[in-house]
Engineer: 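Structure incoming, see below.
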Amino acid sequence: MRSNGKTLVLGLGNIIMRDEGLGVRACEHLAQRYRLPDNVTVLDGGTLGLDLLPYLEGVTDLLIIDAVNAGAPPGSLVRLANEQIPQTLALKTSMHQVGLQELLAVMALRGQTPPRVVLWGMEPLILEPGLDLSEPVLANLDTLVTSVVAELRSWGIPVSDPLKAS
């Protein structure tokens, strides 16, 4: 299905809590390595929770990137879509996921849930103070970003790699 609407790639996390900052770090990688069309916004949502509501107005396609506690080995990729997301967030890894769960609930109550919502994440290893991602998470960061790009392309969004573009 081709996306002609407004797409938001939302990176969540607290970058001073090691792997908790995964979503923000992945968005930084995405923005540095790829060119996206004007209708796609890449946003560092940090830990803003409900304060993100204004950024979601009019969004037709929402791709969230975050650390996800799914019980898998650290560094494992996780993809959740639509109704799977709130169910998985019932097992929270951090305070900002409370905000994400509430954000999705408020959007649903307002009838503003984008038709397409996908969460790409990774199982964290270390959720304690520090600035660096753990070894297994850092080792799979490029794979996560590549998966996000593949998802966007499957939505019909032309994503180009500026390092390979002529």
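From a predicted model like this one, the values you see are computed outputs, not experimental measurements.
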Engineer: Start with the C-alpha gap between Arg110 and Leu53, add the side-chain angles, then the distance that decides, and say whether side chain to side chain contact (heavy atoms under 4.5 Å, CB included) holds.
Structural biologist: CA-CA 11 Å; Arg110 291 179 162 186; Leu53 275 172; 4.1 Å; yes
Engineer: Which pair of heavy atoms, one from Pro158 and one from Pro37, lies closest together, and at what distance?
Structural biologist: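 Taking every non-hydrogen atom into account, O-CD, 3.3 Å.
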Engineer: The criterion is side chain to side chain contact (heavy atoms under 4.5 Å, CB included); which residues satisfy it with Ile126, sequence neighbours excluded?
Structural biologist: Arg18, Asp19, Glu128, Ser134
Engineer: Same cluster or not: Leu48 versus Met107, using hydrophobic residues (I, L, V, M, F, W, Y) connected whenever any side-chain heavy atoms lie under 4.5 Å apart?
Structural biologist: yes
Engineer: Flag yes if Ile15 and Val148 sit in one hydrophobic cluster, no otherwise; membership is Ile, Leu, Val, Met, Phe, Trp, Tyr, and two members link when side-chain heavy atoms are under 4.5 Å apart.
Structural biologist: no
Engineer: Considering only heavy atoms from C-beta outward, does the side chain of Leu144 approach that of His29 to under 4.5 Å?
Structural biologist: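 Leu144 does not reach His29 side chain to side chain.
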Engineer: Look at the side-chain heavy atoms of Ile, Leu, Val, Met, Phe, Trp and Tyr, link any pair under 4.5 Å apart, and say whether Leu62 and Leu50 land in one connected group.
Structural biologist: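 They do share one cluster, since a chain of ILVMFWY contacts under 4.5 Å joins Leu62 to Leu50.
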Engineer: Given side chains that start at C-beta, do those of Leu12 and Ile64 come closer than 4.5 Å, heavy atoms only?
Structural biologist: yes
Engineer: In terms of hydrophobic clusters joined by side-chain contacts under 4.5 Å, are Leu103 and Ile85 together?
Structural biologist: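 Linked within one cluster.
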Engineer: Are Val24 and Val40 linked, directly or through other ILVMFWY residues, by side chains that come within less than 4.5 angstrom of each other?
Structural biologist: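 Different clusters: Val24 never reaches Val40 through Ile, Leu, Val, Met, Phe, Trp or Tyr contacts under 4.5 Å.
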Engineer: How long is the straight-line distance from CG of Leu119 back to CG of Leu80, given to the nearest 0.5 Å?
Structural biologist: 5.5 Å
Engineer: What distance separates Leu104 CG from Asn82 CG, expressed to the nearest 0.5 Å?
Structural biologist: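 Between Leu104 CG and Asn82 CG, I get 10.0 Å after rounding to 0.5 Å.
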Engineer: At their closest point, which heavy atom of Tyr55 faces which heavy atom of Lys6, and how far apart are they?
Structural biologist: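 Heavy atoms only, the tightest pair is O-NZ, 4.2 Å.
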Engineer: Do Glu20 side-chain atoms and Ala67 backbone N/O form a donor-acceptor pair below 3.5 Å?
Structural biologist: no
Engineer: Which value, rounded to the nearest 0.5 Å, describes the distance between Thr143 atom OG1 and Met122 atom CE?
Structural biologist: 7.5 Å
Engineer: Quick check for you: to the nearest 0.5 Å, what is the distance between Leu125 atom CG and Leu138 atom CG?
Structural biologist: 12.0 Å
Engineer: Counting N and O atoms only, with roles assigned by atom type, does the side chain of Glu123 sit under 3.5 Å from a partner on the main chain of Ser76, one being a donor and the other an acceptor?
Structural biologist: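 Pair absent, no side-chain N/O of Glu123 close to backbone of Ser76.
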Engineer: Are side-chain heavy atoms of Leu22 and Leu141 found at a separation under 4.5 Å?
Structural biologist: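 Touching, per the 4.5 Å side-chain cut-off.
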Engineer: Tell me, yes or no, whether the heavy-atom count around Gln112 atom CD, taken from other residues, nucleotides or ligands under 6.0 Å, exceeds 12.
Structural biologist: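 Yes, because the 6.0 Å sphere around CD of Gln112 holds more than 12 heavy atoms from other groups.
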Engineer: Arg153 and Asp161: which non-hydrogen atoms are nearest, and at how many Å?
Structural biologist: NH2-N, 4.5 Å
Engineer: Give me the one residue out of Leu10, Thr7, Leu8, Leu30 that meets side chain to side chain contact (heavy atoms under 4.5 Å, CB included) with Val42.
Structural biologist: Leu30
Engineer: So, Asp66 side chain and Val68 main chain: donor-acceptor pair closer than 3.5 Å or not?
Structural biologist: no
Engineer: Please name the pair of heavy atoms, one in Glu151 and one in Arg79, separated by the smallest distance, quoted to 0.1 Å.
Structural biologist: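 Reported closest heavy-atom pair: OE1-NE, 2.8 Å.
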Engineer: As a quick check of understanding, evaluate side chain to side chain contact (heavy atoms under 4.5 Å, CB included) for Val118 and Trp155, giving each step before the final call.
Structural biologist: CA-CA 11 Å; Val118 170; Trp155 295 356; 3.7 Å; yes
Engineer: Which heavy-atom pair separates Leu43 from Cys27 by the least distance, and what is that distance?
Structural biologist: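 Reported closest heavy-atom pair: O-SG, 4.1 Å.
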Engineer: For a 4.5 angstrom cut-off between non-hydrogen side-chain atoms, does Val145 reach Trp120?
Structural biologist: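 Contact flag for Val145/Trp120 side chains = no.
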Engineer: Where do Thr60 and Pro114 come nearest, in terms of heavy atoms and distance?
Structural biologist: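 Where Thr60 meets Pro114 most closely, the heavy atoms are O-CB, 3.6 Å.
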Engineer: Judged by atom type as modelled, is there a donor-acceptor pair below 3.5 Å linking the side chain of Glu57 to the main-chain atoms of Pro54?
Structural biologist: no
